[in-house]
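To keep things clear, I will list the structure first and then write my remarks on it.
Below, chain A is the first sequence line, B the second, and so on; all start at residue 1. No hydrogens, no waters, no symmetry mates; every other heavy atom, side chains included, goes into these values. The shown structure was predicted, so the numbers you read here are calculated from the model rather than taken from an experiment.
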2 protein chains.
Amino acid sequence: MAKQNPKANRRTSITDLARTLGMSISTVSRALAGHAEVSEATKQRVRQLAEELHYQPNQLAAALRRGRSNTLGVLVPHITGHFFPEVVNGIAVEASKAGYNVMICQSNEDVEQEKKNLELLMNAQVEGILVSHANTTLDFAHFDAVNKLDIPLVFFDRVVEGMQGHHVGSVVLDDYAGAYAVVSHLIEQGCRRIAHFSGPLHVNINRNRHQGYLDALTDHHVPVIEDLTCFFDLNLETGAVAMRELLQSAELPDAVFASNDLAAAGAMQVLKERGLRVPQDIAVAGFSNETFTILTEPTLTTVDQCCHEMGQTAVQQLVRMIPDDSDKTPDPIVLKPRLIVRNSSRRLPDEAQ
Amino acid sequence: MAKQNPKANRRTSITDLARTLGMSISTVSRALAGHAEVSEATKQRVRQLAEELHYQPNQLAAALRRGRSNTLGVLVPHITGHFFPEVVNGIAVEASKAGYNVMICQSNEDVEQEKKNLELLMNAQVEGILVSHANTTLDFAHFDAVNKLDIPLVFFDRVVEGMQGHHVGSVVLDDYAGAYAVVSHLIEQGCRRIAHFSGPLHVNINRNRHQGYLDALTDHHVPVIEDLTCFFDLNLETGAVAMRELLQSAELPDAVFASNDLAAAGAMQVLKERGLRVPQDIAVAGFSNETFTILTEPTLTTVDQCCHEMGQTAVQQLVRMIPDDSDKTPDPIVLKPRLIVRNSSRRLPDEAQ
DNA sequence: TTGAAAGCGCTAACAT
DNA sequence: ATGTTAGCGCTTTCAA
């Protein structure tokens, strides 16, 4: 009975509103945009009809016309685990605050995907891009392309060294300071033979954490013992393996600082298995403040990476870079991590921070 | 010296290419799109210049013209923790496979944000929307608006009951089957007094899991003991508290099934604290297969929610709903969860699945 | 206070 | 095989 339009699923447009109201589309457009020059009466009529017809403005058209999409692009290696979801969350929240939508892509740690995603974001006319590059990325030419289009770029966490200052911003964690803080803490707890489980040094994060470890020892006049540092890919199993090996030594360490929480957890499991007490016999500390660190027994001392703050900060920097007349080469931002002291390292009473 | 364009940051357009090549924009457009009708020679010239000038097609314009944005919208309560990032990951991967971009919004469990985000997605002209609604959402009128615009909608995990079959798809986990499987497993391990830590029953997930618990008992002729079920908001602390209370009882349970891994972990901590052995004295099982469940001691038996698969499946269903002539009212999809037996419940030798 | 008209960059008839 | 043209829905001069 009801006469259905044959092409019913076309959305209501400004033109439709204008026609039914008997006014020009420019007036309708202005009314909807809340321009002061339009009479209240007209605004009322327009808004009411828009409501009735479930009018939804077409952002695509508006963006095309305006030349701005109001969208930021995000490119991360993946959105699983603890760190990236948390950072992306910070990004989403802050972007929304600044009036931007967010388009998220993941490279799956693959350079080719990364290139594709980058093009995708450029084609989507994003006004700025936030990137943490894949760990297989060695050639960064594809980021130059972004630069050439004058799309502001902010790297976070994994930054491209040597690209700073070239229309590019960056936000990283001060890994050095984080490691320095944990190791200093361990020393304060009376530890003198502190082992270090480090990831491979060609990754700058690991290099910085290792340097923090070394400098903290030196500054506190604790001798650096080469054999106490083990390099390997840090995870639960390898952490356990390394710990077992370390326990073969003639002289045992009195603490282990792992550059990653999983490796620390693996080490703790071995220590307990062997009947060694944590922290009394050997103190343990990790890095990242993963969710599970409050679940281990004892709870794990670690360094918080301020993920949410990193996302926020990155967006703030990016948004400042967007206006045409803005500073395109902002200073790199380095966030101070937070030492989180828990039971795996607390030997003295009331050492809570 | 170098003469810089005053308005240098305008991106290269098809028109620019056409002008420099001395051909019409339609030829260029066709060449770039790889139409068969264009000569190879022309294609070559066009592609080369496009490369040289770093031409990037403007998706906004293409989408506007075509009337399709090639974008799917995703609306989740948040992208932190374990579950949602993992599902979103599945969504992103599958969407990309199907040639769609993804726009992700989070409601932060807030209905108002949810409404706003929904409008945002509609305005962005997404071709379909995947939603897991905020847990404060009771009125679902804002989803009707999506429906009215003929934008296909797929709910996942948190579904709107009663909206099914109305141009709406859904993908959920079979919580009932998951709970039924764990409890059956516990019974097979010889447990007869199985306690249940359940979340509030007004949430359907909890209701289903509880029912699975009850039915598994009944079907295996194990008596249902009312006092063994505790209702509370499940987390680490409350799990510990509930466990302590339970240990006051005259007759102890011989197993605990918590509808959430954190509560199970809390319970395990208390058990160990009291010198009770897991699983020999009291077996423990959780639900969700959180990352940390392989880190607890003993490792925690749990139910995997197939997060990635849920994301994939949801996208597949959504994509099928997009064509004009498609079935707009697909059958709800119910995913079978996977029981993961670990040491916290393994009493018999070789019970690995 | 309102309207007419141009055009953002692209695609797709419809020519030729 | 290539060109001409109209128009997607919107914003924004310019004119009235």
Calculate the interatomic distance between Leu17(A) atom CG and dG9(D) atom P; express it in whole Å.
12 Å
Contact residues, residues 26-46 of chain A to DNA chain D [heavy atom, < 4.0 Å]
Ser26(A), Ser29(A), Arg30(A)
Partner set under side chain to side chain contact (heavy atoms under 4.5 Å, CB included) for Asp331(B), not counting sequence neighbours
none
Without decimals, in angstroms, what is the distance between Ile14(B) CD1 and dG7(D) P?
20 Å
Using a 4.0 Å heavy-atom cut-off across all strands, classify Leu60(B) as base, sugar-phosphate, or nothing.
nothing
Test of understanding: with salt bridge (Lys or Arg N to Asp or Glu O under 4.0 Å), list the residues that count as partners of Lys116(B), not counting sequence neighbours.
none
Of all residues at least two apart in sequence or in a different chain, which pass the side chain to side chain contact (heavy atoms under 4.5 Å, CB included) check with Arg66(A)?
Ala62(A), Arg68(A)
In whole angstrom, give the distance that lies between atom CZ of Arg19(A) and atom P of dG9(D).
10 Å
Does Asp16(B) have any side chain to side chain contact (heavy atoms under 4.5 Å, CB included) partners at least two apart in sequence or in another chain, and if so, which?
Arg10(B), Thr12(B), Ser13(B), Arg19(B)
Pairing residues for Ile322(B) by the side chain to side chain contact (heavy atoms under 4.5 Å, CB included) criterion, not counting sequence neighbours
Leu72(B), Tyr100(B), Glu127(B), Pro152(B)
If the condition is ring pair (Phe, Tyr, Trp, His ring centres under 6.0 Å), which residues does His142(B) pass it with, not counting sequence neighbours?
none
Given atom CG of Leu64(A) and atom P of dG7(D), what is their separation to the nearest angstrom?
17 Å
I need the full list of salt bridge (Lys or Arg N to Asp or Glu O under 4.0 Å) pairs touching residues 308-321 of chain B, with sequence neighbours left out, sorted by first then second residue.
none
With respect to the phosphate group of dG9(D), does any side-chain polar atom (N or O) of Tyr55(A) fall under 4.0 Å of OP1 or OP2?
no
Reading DNA chain C in the 5' to 3' direction, which nucleotide is the first one with an atom under 4.0 Å from a heavy atom of chain B, and which is the last?
dG9(C) to dA13(C)
Applying ring pair (Phe, Tyr, Trp, His ring centres under 6.0 Å) to Phe84(B) and not counting sequence neighbours gives His78(B)
Would you mind listing every salt bridge (Lys or Arg N to Asp or Glu O under 4.0 Å) that reaches into residues 27-39 of chain B, with sequence neighbours excluded?
none
Between His133(B) and Phe143(B), is the ring centroid distance below 6.0 Å?
no
Could you give the angle between the helix axes at the two ends of the helix from dT1(C)-dA16(D) to dT16(C)-dA1(D), with five pairs per end, rounded to 10 degrees?
40°
N or O in side chain of Ser13(A) less than 4.0 angstrom from dG9(D) OP1/OP2:
no
Side-chain donor-acceptor pair under 3.5 Å between Gln106(A) and Asn89(B), yes or no?
yes
Whole-Å distance between dC8(D) P and Ile25(A) CD1?
10 Å
